[in-house]
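The figures that follow rest on heavy atoms only: side chains count, while hydrogens, waters and symmetry mates do not. Proteins come first, then strands; the chains are lettered A, B, ... in the order of their sequence lines, and each starts at number 1.
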Amino acid sequence: MLPILKPSKLDLDELARLQERIAKRVIAEDRIRRLETVAGCDISFPRGDRAYAACAALDYESLRVLRQRAVAVKLRFPYIPTFLAFRELEGMLRAARGVDADVYMVGAQGLAHPRRAGLACHLGVALNKPTLGAAKGRLCGSAEEPELERGAYSLLKDDGEVVGAVLRTQPGSRPVYVSVGHKLSLETAIKIVLHTTRDHRLPEPLRVAHQLATRAMKSG
DNA sequence: GCGACAG
DNA sequence: ATCTTGTCGC
């Protein structure tokens, strides 16, 4: 089990430039034909340099689980804010490549990232498919407090530009940070998150993927 | 210098 | 993210 080496300042500068290149490839417009299946992607960490990535595809209307996959992955990079993709993309990609879907959602940011290259953007560009980010917390930017009813949202702005939305998925509960990953408009991303959210704060695809990854971790 | 900081 | 059951509050 190779150790996770802490990258140097120079390495991070290099990776930041790589993210800027990824950001240029992101298409923040709807390039999606069908919307019949939605997949959720997540990773669980037991401890150390091993983790479990999972992807689950659900029927867009019924939210029934159609396909799912979980894989064990070696971690090669530490968690460093704004560099999350270098820790999680590889494993997430392996799980997602085995599960076909019209759109993939990730429990992290998309364009709502300092260099507009959150994990959801990296995944979308790598898969060349529509993706969106639906995170529990904020990474950058600011927004007004959205109204308390389900469906209410306010725009998340960073450095003068709209990078996402702060969306209330359940009345009174803390909002979710939604942003475009790739090949989707922010409006469509919000629509998808709301449509796939039922009795919990987070959308079902993410909940299923999280359970799947956690179960794989506990048994593996 | 002092916080903030996806998972 | 993860270690962890019941419990205070709306």
Where the side chain of [X] meets the backbone of [Y], is there a donor-acceptor pair that is under 3.5 Å apart?
{"X": "Thr131(A)", "Y": "His182(A)", "result": "yes"}
{"X": "Asp42(A)", "Y": "Leu206(A)", "result": "no"}
{"X": "Arg201(A)", "Y": "Ser173(A)", "result": "no"}
{"X": "Arg198(A)", "Y": "His195(A)", "result": "yes"}
{"X": "Ser154(A)", "Y": "Glu145(A)", "result": "no"}
{"X": "Tyr52(A)", "Y": "Gly220(A)", "result": "yes"}

Can you see whether Phe83(A) has Arg115(A) sitting over its ring - NZ or CZ less than 6.0 Å from the centre and within 45° of the normal? yes
Distance in angstrom units between [X] [atom1] and [N] [atom2], rounded:
{"X": "Lys218(A)", "N": "dT4(C)", "atom1": "NZ", "atom2": "C1'", "value": "10 Å"}
{"X": "Arg115(A)", "N": "dC5(B)", "atom1": "CZ", "atom2": "P", "value": "16 Å"}
{"X": "Tyr177(A)", "N": "dG7(B)", "atom1": "OH", "atom2": "C1'", "value": "15 Å"}
{"X": "Leu202(A)", "N": "dA6(B)", "atom1": "CG", "atom2": "P", "value": "15 Å"}
{"X": "Arg116(A)", "N": "dA6(B)", "atom1": "CZ", "atom2": "P", "value": "16 Å"}
{"X": "Phe77(A)", "N": "dG7(B)", "atom1": "CZ", "atom2": "C1'", "value": "13 Å"}
{"X": "Leu75(A)", "N": "dT2(C)", "atom1": "CG", "atom2": "C1'", "value": "13 Å"}
{"X": "Leu119(A)", "N": "dA6(B)", "atom1": "CG", "atom2": "C1'", "value": "8 Å"}

Per the under-4.0 Å heavy-atom filter, residues of residues 79-95 of chain A near DNA chain B come out as Tyr79(A), Pro81(A), Thr82(A), Phe83(A), Leu84(A), Glu88(A)
Of residues 127-152 of chain A, the positions that come close to DNA chain B - non-hydrogen atoms, cut-off under 4.0 Å: Ala135(A), Lys136(A), Gly137(A), Arg138(A), Leu139(A)
Report, as yes or no, whether the 6.0 Å neighbourhood of atom CD on Glu147(A) holds more than 12 heavy atoms from other residues, nucleotides or ligands. no
Hey, is CZ on Phe86(A) packed in by over 12 heavy atoms from elsewhere, all under 6.0 Å? yes
Give me the stems containing DNA chain B, sorted by first residue, counting only three or more consecutive Watson-Crick or G-U pairs with both distances under 3.5 Å; say none if there aren't any. none
Nearest heavy-atom neighbours spanning Leu63(A) and Glu204(A): CD1-CG, 3.8 Å
For Glu29(A), run the side chain to side chain contact (heavy atoms under 4.5 Å, CB included) check against Ile32(A), Ile27(A), Val26(A) and tell me which one passes. Ile27(A)
How is Gly172(A) classified with respect to the nucleic acid when contacts are heavy atoms under 4.0 Å: base, sugar-phosphate, or nothing? nothing
Please tell me which of the listed nucleotides, dG7(B), dA1(C), dA6(B), lies nearest to the side chain of Gln109(A)? dA6(B)
